Every structure is written in C-alpha cells, then in structure tokens.
K.L.:
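One structure coming up, written as structure tokens, with questions to follow.
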Amino acid sequence: MNKKLVIIDGNSLMNRAFYALPDLMNKEGLHTNAIYGFTTMLFKIIDEYNPTHMSVAFDLKAPTFRHKQYENYKAGRKKMPDELRVQVEPLKELLDAFKINRLEMEGFEADDIIGTVSKIAEEDNFEVIIVTGDKDAIQLASNKTKILITKKGITELEIYDYDEVLKRYELTPDQFIDLKGLMGDKSDNIPGVPGIGEKTGIKLLKEFETIENLVQNTDKLKGSVKKKIEENIDTALMSKRLATIVRDMPVDIDIDELKLENYDEQKIIKLFNTFGFNSLIKRISMNKEVVEEKDIKSVLINNDNIDFVIDEIKKKKYMYLKTVTKKGNILDKNIIYMFIGLEQDKVYYINEEICILKLKDVLESEEIEKYGYKLKEEYIALRSYDIDIKNMKFDIVIGEYLIDATSSNYLHDNLAAKYMGKNINSEEELLGKGKKAKKFEELEEDVLVKYFNNLIEVVIGIKNEMEKTIDEYEMQELFYDIEMPLIEVLGYMEYEGFKVDIEKLEQLKEEYSTIIKNLEDNIYEMAGEEFNINSPKQLGVILFEKLELPIIKKTKTGYSTNAEVLEKLRPEHEIIDKISEYRQIVKLQSTYVDGLLNIINNKSKRIHSSFNQTITTTGRISSTEPNLQNIPVRLEMGRNLRKVFIPSEGYSLVDADYSQIELRVLAHISDDENLIKAFESGEDIHTSTASKVFDVDIKDVDSEMRSAAKAVNFGIVYGISDFGLSKNLNIPAKKAKEYIDNYFDKYPNIKKYMDDIVEKAKSDGYVSTVLNRRRYIPEINSKNFIVKNLGKRLAMNTPIQGSAADVIKIAMVNVYKKLKEENLKSKLILQVHDELIIEALEDEIDEVEKILKNEMENAVNMKVRLSIDLNTGKSWYETK
DNA sequence: AACGTCACG
DNA sequence: ACGTACGTGACGTTG
C-alpha cells in the first residue's frame, strides 16, 4: 500500500474554523466552534485522502529562533481571543482520542515542524499532504507534496502541487520564499522591500530567479525599482530568511510514530457528547470498518406459544414495549406489529390481534412496569383494542427531555449515539423523507423487525444510565410522579377529543366568505388595482409606493405591514382599516374555520389534537393538528369561534383557570413579602401593583395606571427591560426605567431574585423550577451583548413559566386520577397552560367543580395560595 | 424552507 | 453602543 502522510497546521486550521463558524456552545457554555470546524475538516480529509500516517503540528507560546533573528517578528499580532484559547486543550484531547500524533517543539513554529517532517517523509517515498490556512506553506509544494489551503469558510480547499504553483504564480515553490522576502508579510510583520508588491516581485524573480542573484545584479535594474532594491538589500535578505520554513530541524522524528491506529471510539464519543456534537457521533460509528451487525433475531410469537411470554413478563414484572401502527384513524385498530422486550437479545414480536388481546392483562396490570420510547403512542394504539395500558414507568424520550429540554432531537438513533455510542438506522433512513417517505405498512417484515428490534434494544441499553442522571439531577418526583403519569393523561385527551358543531362552523364559513369578498372589492377599488392582499410584498408596493404612505418599519426583506404598522397608518388612508379587517377575518377563515373543518374526525365528529410533551424549553406542553391552545378569545369577532366547541349530548363544559399563576409562583420563589401580601389581601393584583409603583392609594388607581402596572407585571415575568416595556406601553425608555426602578424599590426581594437567578445561570449554566426541572442557558456567557441579554431574560423567565407548568401538570395528573377513581363519566379534554377543560356529565358538574378546585388549588404548597376561576357552559364561549 | 404575520398563555 | 420583551403553532407567499 502507498504510504500517505497528512500533516495539519493545528493553529492555523483552528483559527480558520473559529472565524468561519458562528459562536457555537455546548450546554455548559464551552465554546466549540473551532473544535467543530476542525473536526469536520478532519473527517473530510480522512474520507477523501485516506492517509496511512497523520500528524497535527502546533505552535508553542515560547519565542522562536525567528524572534531572536528579528525582534519585531510577529510584533503587533493580536493575541488569541479567550473564546478560541479555551478550545485548544479540548481539541488536543480529542486528537489524542483519535490516536492522531501531535507535534510541538519549543523554538520552532508549526510550519517548521511541517517542513521538517514533510522532507523526511518525502525522502521515505511518502505521498505528503499538508493542510493549512496559511499560504506560506506553498513553498513546500513538490511533486510528492500537495498543499491544501482553506478557501473561504473551511469546507472548501484549494490544492497546490508543484504544477499548480507554477501555473498560478509563474514561480517555483522555492521562489515563493523569495517572493515573500520581497513583498514582506504584514501578519508576521516581515518587512520585505517597501514598495514592492506581488506584481513587481514576480516580474523580478522571473528575470533573476532569487533574491541573492537579484541583489548582485542591481545594475541591470533601473528607475525607482533599482533604488528600492539597492536601499533594502539587507532587509530583503533577512526577510527571505524569516520567510524560509526550516526543513532540517535538529530532531529525531520516527515517522512510524505518525502511523494511524484504531482510534478510541468510546473516548471520542464521550468527548463529542460533552461538546454536544450529536451529528458527529453518528459519523464516527459510521466510519468504523465494520458496523456492528449481529444477526438480529426477534422471535415471532403466535397464539399457540404466547403464554410462555406472558409468564415471563409476569416473572420479570416489567416489559419493554413498542407498537407499530399503520396510518389511519386514531379510533381504529391500526397495530401491525407489537414488539416486547425483556432484556438485551430477548425480544419477541406478534402480528395477530388475538395475541394483542391476550396481553390485555399484563398491559393493564399495575404490577407490571412498561418501558419504552414515545409511550403515548402505545397508549393510543391500544385504546381501540379496549386495552387501557397502565404503569407506564419509563420513557426514554421524556427522560431525555428532562435532562436537556433545549435539545431539538429525541430520536432513538440520536439517543443511541449519545448513550451507547452506537450507529443505528434512523426512521428517516428507514422510511425516507418528504413526499416520497414510505409508511411502516409498506415495508418488508424482516426490515421492520430489524429496525424495531434495534429500537427496543436502545431503550434497554439507555434506561439504566438515564435513571442515574435523573437521580443525580434530583428529578425523581418530576419524572416518576408527574411527567410519566402525564403521558396517559395527554394520550387520553387526544383519544377523547373535543366535540365541534360542524353546522355552526360551516355557517361561519359562509358568513366570512361574504365579508371577505366585500372587503376585497373595497380594497381593490381604493388601491385602483387588483393584487394579492395576502402577500406582504405586494401589499407593501401598493401602500408605500403607489399610495406613498410613510414607511414606518422595514423587515429584512422589505416593508413591514404588520398590525402595529397598520395601526400607525390608520389616519393616513381609509384603505388601512379595510386591510386590517381583511387580515383579521382571513386569519379566522383560513386558520380556524377551514383549518378545523379539515381536521374533524369523520368517525367521532370530534377534534383530536396532538399534545407534545417534549417541545417547549420551559416545561409547557404544546398542541398541534390543530393547535387548540391558540383559539381566539381576545377580540369578540374571533371569540365567537369558541361557540363551535361544545360538549356531547347530556354534558356541559367546565372550565377552570388559574388566577395569576405566574405572579403567584414568582411571589413564592422570590419570597417577596410585599407581593405575597398583595395576593393575601385579595386585591386585584394589577391595581395593587399600580398603587405601589405610582405611590397612590388603592382607591385612587385609575384605569390608565392599572394597565401600565399590568404591563409592568408582564414585563417582570418575561425578564424585564426598559426597552421592552417602553415599546409595549408606547412611552420613552427613560420613563419605563422609572417604572421598573420604582417596582424593584417596592418589591426588593423580586429584585434580589432577578439578580440571583442571573448569577446562578452564569455559574451553574442552568436554572431550575420548583420541581427541579432544568434549562441550560449557554446564552448567558456569550460575549455577544444581545445574546447575553437574551440569556438573562431566559434565566429570569424560565423558572417562573416553568414552575407554573409544573403546577398545572401536577393538577392534571391528580384531576385525571380523581375522575377515574370516582368512576365519573366526565372527561378531562384540554389544557391551555393555565386552564383545564372538563367535559362533564350534567349530574357530575358539582363533583367535577369540587375536584377541579381542590386539585388545582392544592397541587403544590406555596407561600401564596393558588386560586382558580370556574365557569360552566354549553360551549367554550359560554365558559367565560 | 424561510419569512412575515398573527392566534393563544 | 450594541437592539429585545417569555413560550408556542398555522397559514400563505416567495424563492
């Protein structure tokens, strides 16, 4: 095999990566962009060139022989920024894990090491590849040595071999040194001959070949060039010496030591993990010669032999579980396979309904713990078989969400890479993506079996370590008592759905269509032409070019036409009102009326939203397809839509919402005496805040003061800034700052909370809720002012929003449990952050209200009491 | 796929 | 001086 050496200029490449990539950080706030860029480059080079030998050369801090020759060498160079400096040692550690040789030598620069090693390698008949961001290395090009230089960014490389240098510079690589001697080098502070640049330099060297020859023959020059050279002979010679890369350093280098060995995979994965390089973890396992590919034997179980599996489950008292379903109605039987794992290498699967039904007992047994991946899917899939799965005890997706709520990827292949260092076939690799994506039911059985066997084994492989982390983070209560039981509650709400009045919805559709049509006509007439009102771009042209209205604000793509801008333009032209109205109704029509009509379940005639438990960074749940957490309420026109959300025959809706839960949570966390007192007094909280901030008697607070105070309270919850408040209240920032200062004066412990939590985020890297839910805030250590300030607001807001989320989740679990215990027919069907909705049987309304009040107000014990408002009605609209 | 806009807590 | 309120999801347009 050909011997091939890749030698990299470590400092140079790190530098390039550092400046080319945005400021990446891991969750503890370690900057990682240079490491990341370097590593991707490393992968690329290994992939493309497949070297047998490799080394990375680094500069050391100590002065080199060049400094001794010329005291100004590299003078004036900026020192390495701290954000880059902190990445050097971790990168070296990573290289060690890769078993890639590192070279550094006191008194010499990386370039000299590279020059010396490449020479030794050339003599030993190696093919040599030098990777650097610095053009100086071009002098080393030869017919055996290629120089790769990073182009813009770091992913693109320019290749210089001997011929390429000749072509580009009309000089040999050796002459490149002379050229630099003449031109000098700003970044190294090599003087060169003043007034001689690249053009003249090349011309001279083409004629005289070297500087030495040139200075001997200055008589052949004329004019200003002659003068410049003659006056700078010594400088030119010295500059050439400085620019010459040493190729014979007095060292013994055994090139065999640069040989690539098998890298330490576990260590690399561990390091990638701390850096947060999840995508690279996948790549590292892919790069392995042999991907672990043992024959997977999940055992197919049928009706004749399933009893022995059931016995085994009962003995173990747990089961790992995954159902595979075909696409279809949530209410139908859709399971095509069910996988059951008991331990590593012991996975069974079934594909007959009769077998599923035989498992009903163990699935519904409180004694048998269920472990899995996205267990809500199992709950829902089994409901149509009349199986009510119990004791879902461990879900690795929920676990990972608690460990890192800012992660955007909880897919099993990613978790396998992180926890097990394994490269697993992902769902996207199995099914494809986008429009061409296949469905599970379209795949061959053996392919599916292999995939789901892997998935089960991932859950088995991860559970133990994840348990330890949950213990370490003291999240046992949050995980086992709240988030895990919540899975069933959310699954239940999805399966039950929310009834809608379809006729009413269709009637609204007609009404809105007529209004929209009229508005369109009006707007076209006022504009003098037809255009797409829904296009901000076209609308912008009409408003700001044709009608020449004043430009209030710009977006990065053009004119802003949002509601705030339109409000300011209102007095300018009568078209504005029509556009605002049009926007409002089109929104209602497209998102809500059409959106809802599209998604009504044809069997239940109800809406089955999906509730996601692992999306938000603060701990809230989110709702999709449709989003039932943003149904209009603020404006009457939109609020009417709530009339279509109705209970079943014989039922009513009972709606319970927490009063000021976030401010109450804040009072508790901050232990602020005044805010606690304000809640105890029973006084309206915004009025009470107004009386403090504006220093007037409660009875003298007018509505303007109250609404200003309300904005201040919102600001406090969001992580206050004078700018934000001033914008919201439309007052000068100075005035806003006065309000804030006043507020903190009157509520000193809140001020203390804000200061302390920001400090905590800085020192620990994360903040926590009352139940130890955690969010990492790397933003807070950013050098970027904007990002850092965002970090501060996140630190202030997350414990408040997150603790409120904790509280309502506890209430949900307890309300759900209570309804079940008491065998009530009433159903919990929706949560909207601080609000629960129960579809209550008429006869049970009193009991349901009692349960809601009791469980919600006593969900946690805080320094201020929690309070809810209760409303009952025949539509969501009526429960106000 | 990104952007602007707008609905909610 | 730097430019922002916190957390979401859906729609239509545009590139």
Side-chain angles (χ1 to χ4, degrees), chain A residues 405-406 433-434 531-540 553-566 579-580 582-596 598-599 609-612 615-635 637-639 641-642 657-658 660-662 666 711-729 733 736 740 767 775 777 779 782-802 804-805 808 830-835 876:
Chain A
T406 52
K433 65 168 174 178
F531 65 100
N532 190 340
I533 311 169
N534 294 319
S535 161
K537 197 178 167 194
Q538 295 181 36
L539 179 62
K553 201 170 79 179
K554 287 202 155 198
T555 66
K556 67 171 123 175
T557 52
Y559 311 112
S560 172
T561 66
N562 68 21
E564 200 187 325
V565 169
L566 293 182
I579 289 167
S580 299
Y582 174 88
R583 278 255 175 94
Q584 204 190 336
I585 300 193
V586 164
K587 173 86 182 180
L588 295 178
Q589 183 79 303
S590 63
T591 302
Y592 297 104
V593 176
D594 293 340
L596 290 176
N598 257 321
I599 210 158
S609 174
S610 297
F611 297 100
N612 199 318
I615 289 286
T616 72
T617 46
T618 54
R620 282 184 172 182
I621 58 174
S622 82
S623 156
T624 59
E625 289 181 288
N627 182 353
L628 288 186
Q629 292 180 323
N630 72 347
I631 303 298
V633 68
R634 288 171 192 166
L635 301 173
M637 166 113 73
R639 190 174 199 150
L641 259 160
R642 296 193 167 210
D657 70 294
Y658 278 113
Q660 301 298 343
I661 186 166
E662 291 189 338
L666 174 62
V712 171
N713 279 333
F714 269 97
I716 290 293
V717 169
Y718 292 156
I720 194 118
S721 72
D722 51 7
F723 188 91
L725 183 64
S726 76
K727 198 168 147 238
N728 193 282
L729 278 177
I740 295 166
V767 295
R775 174 181 183 178
I777 305 183
E779 293 89 344
S782 170
K783 284 275 191 293
N784 178 323
F785 176 89
I786 304 159
V787 177
K788 193 186 185 77
N789 276 337
L790 171 67
K792 288 182 187 172
R793 294 195 299 272
L794 296 177
M796 296 187 260
N797 169 264
T798 300
I800 303 173
Q801 189 182 122
I808 195 158
L830 187 60
Q831 184 250 46
V832 191
H833 308 309
D834 65 353
E835 170 187 13
W876 197 359

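Just so it is clear: chains get the letters A, B, ... in the order the sequence lines come, proteins before strands, and each one is counted from 1. Everything quoted here is computed from the prediction, not taken from an experiment.
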K.L.:
Dot-bracket, 5' to 3', for DNA chain C please: Watson-Crick or G-U pairs under 3.5 Å, [ ] where pairs cross earlier ones, | where the partner sits on another strand, dots elsewhere.
P.N.:
.....|||||||||.
K.L.:
C:dC6 P sits how many Å from A:Asn728 CG, rounded?
P.N.:
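From A:Asn728 CG to C:dC6 P: 12 Å.
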K.L.:
What is the separation between atom CG on A:Asp722 and atom P on C:dC2, rounded to the nearest whole Å?
P.N.:
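My rounded result for the distance is 14 Å.
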K.L.:
Of all nucleotides in DNA chain B with an atom under 4.0 Å from a non-hydrogen atom of chain A, which is the first and which the last going 5' to 3'?
P.N.:
B:dC3 to B:dG9
K.L.:
What is the distance from CD1 of A:Ile716 to P of C:dA5, rounded to the nearest Å?
P.N.:
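Value for this atom pair: 17 Å.
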K.L.:
Does A:Lys783 reach the side chain of A:Lys788, with side-chain heavy atoms less than 4.5 Å apart?
P.N.:
no
K.L.:
Report yes if at least one side-chain N or O of A:Arg793 is closer than 4.0 Å to OP1 or OP2 of C:dC6; otherwise report no.
P.N.:
yes
K.L.:
Taking C-beta and beyond as the side chain, do A:Arg642 and A:Ile631 meet within less than 4.5 Å on heavy atoms?
P.N.:
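Result yes, sub-4.5 Å side-chain heavy-atom pair found.
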K.L.:
Going by heavy atoms in the side chains, are A:Leu566 and A:Ile579 under 4.5 Å from each other?
P.N.:
yes
K.L.:
Will you find, in the side chains of A:Thr555 and A:Ser560, an N or O donor that is under 3.5 Å from an N or O acceptor?
P.N.:
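No, no side-chain donor-acceptor pair sits under 3.5 Å.
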K.L.:
Any side-chain heavy atom of A:Asp722 sitting closer than 4.5 Å to one from A:Leu725?
P.N.:
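No, side chains not in contact.
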K.L.:
If we only count heavy atoms from C-beta on, is the A:Tyr582 to A:Asn534 side-chain gap below 4.5 Å?
P.N.:
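A side-chain contact under 4.5 Å exists here.
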K.L.:
Quick one, give me the B/S/- string for nucleotides 8-15 of chain C, reading 5' to 3', where B means a protein heavy atom under 4.0 Å from the base and S means that only happens at the primed atoms, P, OP1 or OP2.
P.N.:
SBSSSSSS
K.L.:
State, yes or no, whether a side-chain contact exists between A:Ile786 and A:Leu790 at a heavy-atom distance under 4.5 Å.
P.N.:
no
K.L.:
Kindly indicate whether the side chain of A:Leu539, heavy atoms from C-beta on, has any atom under 4.5 Å from the side chain of A:Arg583.
P.N.:
yes
K.L.:
Provide the distance between the two P atoms, one in C:dC2 and one in B:dA7, to the nearest whole Å.
P.N.:
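Between the two P atoms, the distance is 32 Å.
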K.L.:
How far, in whole Å, is C:dG3 from B:dC6 if one measures between their C1' atoms?
P.N.:
23 Å
K.L.:
When the distance from CZ of A:Phe714 to C1' of C:dT4 is rounded to whole Å, what number comes out?
P.N.:
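Rounding to the nearest Å, CZ of A:Phe714 and C1' of C:dT4 are 17 Å apart.
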K.L.:
Got more than 12 heavy atoms from elsewhere within 6.0 Å of CZ, A:Phe531?
P.N.:
yes
K.L.:
May I ask you to test the A:Ile621-A:Gln629 pair for a side-chain heavy-atom distance under 4.5 Å?
P.N.:
yes
K.L.:
Using whole Å, report how far CD1 of A:Ile740 lies from C1' of C:dT4.
P.N.:
12 Å
K.L.:
What's the spacing between A:Met796 CE and A:Ile716 CD1 if we round to 0.5 Å?
P.N.:
8.5 Å
